[in-house]
A.B. asks: 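Before we start, here is the structure in question, set down as structure tokens.
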Protein chains: 2
Amino acid sequence: MRRRNTATKDAVLSVLHSTGKAMSQGAIEKEIGVDINRATIYRVLNRYCEDGVLHRIVADDGRQYFALCVECDKKQKPLHHFHFRCEKCETIECLPEPVHFSISNDYKVEKVNCVLTGICKDCVNS
Amino acid sequence: MRRRNTATKDAVLSVLHSTGKAMSQGAIEKEIGVDINRATIYRVLNRYCEDGVLHRIVADDGRQYFALCVECDKKQKPLHHFHFRCEKCETIECLPEPVHFSISNDYKVEKVNCVLTGICKDCVNS
DNA sequence: AATATTAATGCGACCAAGTTGCATTAATTT
DNA sequence: AAATTAATGCAACTTGGTCGCATTAATATT
């Protein structure tokens, strides 16, 4: 099941690159310009997550947001980092702040999902 | 708009007390014994959150879970604490582990939502 | 104790996010 | 150029959660 290159996949990646933030399917659909089916966008995003190109954040609004893993690398973000969801501009940002925790070895931790919510620095002064 | 005491509200609280964990509407409905409407349970839960009796956690499954704030107090949990969602027994636990982070003052942080996901200590040995 | 007030409930309809089945299209292999 | 099968579009569906509205019942008032 080798992956194939398509215009849709490229378009999704380029939108994520250009905004530099984590985006929901809806936000991507709005920004992407061309008309791409909702289900297709979800499938592209899910595939990228499987392939380690994107990571998925579930925010406290219950929705999924997707962010480039490369973006995180560039800014030297740790594997598990905080995310900030701005309620005004409706974007999610990967923060350089690492998530630290200690937990009994009896627990098997598989995923870490930390989201701060509020007004981001761009929106707080406007 | 003074709150009124009802059997439904008591039943919801007592289920949460008896399990000692954060529960979704669905889990509460299953455990509660009596037949209570879905919308009503949600309304009860939302009211309790407004009143500071419960707090709401949105897990990485995108669903809302509700936990007693008193439970947290008892175990001396900090205001912002980690939560652990077990994928096997489908419960969420409030952990005593506090959430620490530092972020630029330019951001206005209003909510903190941190969930670890995996297999809890009760399920890992079974 | 009887009545008035209005919060709480049940029901059904509704919405939004996300997924899935299936026929069709098109990227890669041969 | 033909064959293979991943990717897409569409519609239907699922699930979590909310809302409007008529009805019920907890509290306040008499």
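The sequence lines fix the lettering, A, B, ..., with proteins before strands; numbering per chain opens at 1. Keep in mind that this is a model prediction, so the values were computed, not measured.
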A.B. asks: How about B/E90: does its CD atom have over 12 heavy atoms from other parts shown lying under 6.0 Å from it?
C.D. replies: no
A.B. asks: What is the distance, rounded to the nearest whole Å, between atom CD1 of A/I41 and atom C1' of C/dT20?
C.D. replies: 17 Å
A.B. asks: Within the 3.5 Å criterion, strictly below it, is a donor on A/T91 or A/K21 matched to an acceptor on the partner's side chain?
C.D. replies: yes
A.B. asks: With a cut-off of less than 4.0 Å, is there a side-chain N or O of A/T6 near OP1 or OP2 of D/dT8?
C.D. replies: yes
A.B. asks: Please report, rounded to the nearest Å, how far the P atom of D/dA12 is from the CZ atom of A/R38.
C.D. replies: 13 Å
A.B. asks: Within the 3.5 Å criterion, strictly below it, is a donor on B/R56 or B/N46 matched to an acceptor on the partner's side chain?
C.D. replies: yes
A.B. asks: Toward the 5' end of DNA chain D, which comes first, A/I36 or B/S24, by nearest nucleotide?
C.D. replies: A/I36
A.B. asks: Write down the distance between CZ (B/R4) and P (D/dA28), rounded to a whole number of angstrom.
C.D. replies: 9 Å
A.B. asks: Within the structure, does a side-chain N or O atom of A/T8 lie under 4.0 Å from either OP1 or OP2 of D/dT8?
C.D. replies: yes
A.B. asks: CZ of A/R63 versus P of C/dC15: gap in Å, rounded?
C.D. replies: 17 Å
A.B. asks: Measure OH/B/Y42 against C1'/C/dA16 and give the value in whole Å, please.
C.D. replies: 13 Å
A.B. asks: From CG of B/N37 over to P of D/dG20, roughly how many Å is that when rounded to an integer?
C.D. replies: 16 Å
A.B. asks: Check the distance between D/dC19's P and B/Q25's CD and give it to me in whole angstrom.
C.D. replies: 15 Å
A.B. asks: Is it the case that the base of C/dG10 and the side chain of B/R43 share a donor-acceptor contact (distance under 3.5 Å, atom types as modelled)?
C.D. replies: yes
A.B. asks: Look at B/E110 together with B/K108 and state whether they make a salt bridge at an N to O cut-off of under 4.0 Å.
C.D. replies: yes
A.B. asks: If each of A/N5 and B/N46 is mapped to the nucleotide of DNA chain D with the nearest heavy atom, which maps nearer the 5' terminus, i.e. the 5' end?
C.D. replies: A/N5
A.B. asks: Whole angstrom is fine here: how far is it from CD in A/E29 over to P in D/dG9?
C.D. replies: 10 Å
A.B. asks: Using only heavy-atom distances, decide whether a donor-acceptor pair under 3.5 angstrom links the side-chain of A/R2 to the base of C/dT28.
C.D. replies: no
A.B. asks: Report the C-alpha separation of B/C114 and A/F82 in whole Å, then their side-chain angles, then the decisive distance to 0.1 Å, and conclude whether the side chain to side chain contact (heavy atoms under 4.5 Å, CB included) test is met.
C.D. replies: CA-CA 9 Å; B/C114 291; A/F82 279 93; 3.8 Å; yes
